[in-house]
Protein chains: 2
Amino acid sequence: MPCTPNAVLTPRDLREQIRSGGFAGPTAGMGGDALQANIVILPGAEAADFLRFCQSNPRPCPLLAVGAPGDPALPSLGEGIDLRHDVPRYRVWRHGELTDEPSQIADLWQDDMVSFALGCSFSFEDALTRAGIPVRHQDAGRNVPMYRTSLATRPAGRFGGPVVVSLRPMPAADAIEAVQICARMPLAHGAPIHLGDPAQIGIADVMAPDYGDAPDIRPGDIPVFWACGVTPQAAIVSGRPALAITHAPGHMLVTDIPASRAEARLTGVNA
Amino acid sequence: MPCTPNAVLTPRDLREQIRSGGFAGPTAGMGGDALQANIVILPGAEAADFLRFCQSNPRPCPLLAVGAPGDPALPSLGEGIDLRHDVPRYRVWRHGELTDEPSQIADLWQDDMVSFALGCSFSFEDALTRAGIPVRHQDAGRNVPMYRTSLATRPAGRFGGPVVVSLRPMPAADAIEAVQICARMPLAHGAPIHLGDPAQIGIADVMAPDYGDAPDIRPGDIPVFWACGVTPQAAIVSGRPALAITHAPGHMLVTDIPASRAEARLTGVNA
């Protein structure tokens with residue numbers, strides 16, 4: 001019988017395997033119920049504006065944790081986290097251009113680096129699946145379709161640009177239930193921000209997403225749109241800071257927080 | 001300065017005025033924040049089935065209170081309520097046919113009469129208005145449009161028939177917020193049961209409602225449908241009991257319960 005490491009690896013074991021170079025792949029389905037996070041790392045000069053950008057745009061940029069300047073730990077999200085190594089793949093951006101995709105960033109770390117952990121959609125997709133609501137791109141083995149919209153983020157310093165949304169088509173009754181489920185998960189982008197006519201938020205052709213794969217829309221489905229974690233990456237591209245580091249798409253930080261308890265643990269509100 | 005009786009009348013004073021024949025009009029806007037209720041009164045032989053019908057169909061028929069057989073009081077909804085007099089106008093149904101619209105029913109009361117108080121849409125429309133969400137039929141001074149759907153109630157004995165829905169058109173972002181607001185108000189019909197394409201629930205022409213006035217649909221609105229308190233009246237018409245008494249449309253029982261505290265007070269769940 002082959003060993004099944006995913007079933008036994010704790011999030012901390014998984015991070016240690018990543019740190020030692022033993023794993024560098026996408027983290028979807030890894031770490032069991034552990035909350036996963038989008039990561040952005042910026043030099044001190046840009047960090048204050050980016051923090052303000054996240055706080056002003058909580059739907060696309062739900063802040064899970066912010067590191068102390070120069071400190072690669074995020075103790076509220078897990079013991080021993082070291083952001084110089086613990087993300088399986090990073091993206092390095094210089095003046096808004098993608099320049100590298102390394103598996104560690106120890107050589108780029110600076111004394112004033114500030115790290116940001118942002119909520120991601122994995123948690124709410126799990127909650128939808130548990131409720132019996134179809135997540136069509138998962139069923140089809142595709143990436144979620146994402147679109148730049150005509151909705152603007154609230155800018156902060158150099159950071160701004162459009163709200164990017166992800167699309168999950170589903171029947172109307174499921175959309176009504178999904179609003180209720182996701183409204184209780186503000187750290188995972190919260191309730192949808194639009195449903196129905198895509199043109200109302202500046203999407204001309206729903207079959208031609210700006211990121212990800214084309215949607216699988218079944219008869220009777222309506223399009224339901226969530227604010228998306230690609231929004232902060234788009235803000236970095238448009239803001240063109242001298243240096244920024246993010247996770248590579250799908251290659252997330254795996255935290256110690258059970259996703260089902262994240263809202264209670266990280267906001268102090270009992271679920 | 002003219003006196004403004006609505007501003008000073010307590011619900012109990014208002015009921016006494018109704019009982020004495022001093023007021024027999026519609027109750028919209030009366031009694032301040034007091035919860036208003038749909039009323040159904042049935043002889044004992046029909047009451048058990050109707051109770052089961054309501055419990056099986058809580059979205060269209062949210063039960064606020066059920067009277068003891070033969071007792072015209074509803075003590076959980078207000079001190080001194082006497083259902084033989086305290087509704088400003090009644091409807092009398094014999095074998096499913098509307099036969100009279102009296103202002104009191106003392107002469108029809110029987111020793112085995114059971115009264116049912118059901119939640120109504122006034123509470124959630126107030127909540128939507130407070131949230132800045134348009135309630136178009138109110139703004140247009142019209143009655144809410146209502147439709148028989150292809151959705152069936154769960155039948156109980158002689159009571160059954162279609163779910164009747166009310167329509168409130170609004171922008172998609174408001175619909176998303178309305179789902180969240182109304183989901184917290186199960187005693188006022190709860191979350192919408194459909195949005196988007198009316199044909200999916202058997203409504204061929206949204207401009208031709210089965211009850212009420214034609215909708216006022218603005219550019220960018222989507223149709224949002226709630227289960228409606230007309231559903232139990234339709235069940236009485238189709239069930240054809242020998243005798244049934246209801247309130248006349250818009251002429252409700254005004255209770256002592258503040259609408260904003262109804263869910264907590266009547267369900268034991270703290271809001």
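By convention in this document, chain letters (A, B, ...) are assigned in the order of the sequence lines, proteins followed by strands, and residues within each chain are numbered from 1. Below, each value reflects all heavy atoms present in this structure, side chains not excepted, and no hydrogens, waters or symmetry copies. Everything numeric here is computed off the predicted structure, so don't read it as measured data.
The choice from A:A172, A:A199, A:A173 that makes the most heavy-atom pairs within less than 4.5 Å of chain B is A:A172. Of the residues considered (A:G196, A:P171, A:A175, A:P192), A:P192 shows the highest number of contacts with chain B, using heavy-atom pairs under 4.5 Å. With chain B as the partner, the residue from A:V179, A:I193, A:I201 showing the most heavy-atom pairs under 4.5 Å is A:V179.
Although no hydrogens or angles enter the test, the distance criterion places a donor-acceptor pair under 3.5 Å between the side chain of B:Q200 and the main chain of A:G220.
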| request: List the steps, then state whether side chain to side chain contact (heavy atoms under 4.5 Å, CB included) holds for B:I222 with A:D197. | output: CA-CA 9 Å; B:I222 60 171; A:D197 183 9; over 6 Å; no
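Both the backbone and the side chain of A:I176 have a heavy atom closer than 4.5 Å to some heavy atom of chain B.
When the shell of 6.0 Å around CZ of A:R142 is examined, it contains more than 12 heavy atoms from other residues, nucleotides or ligands.
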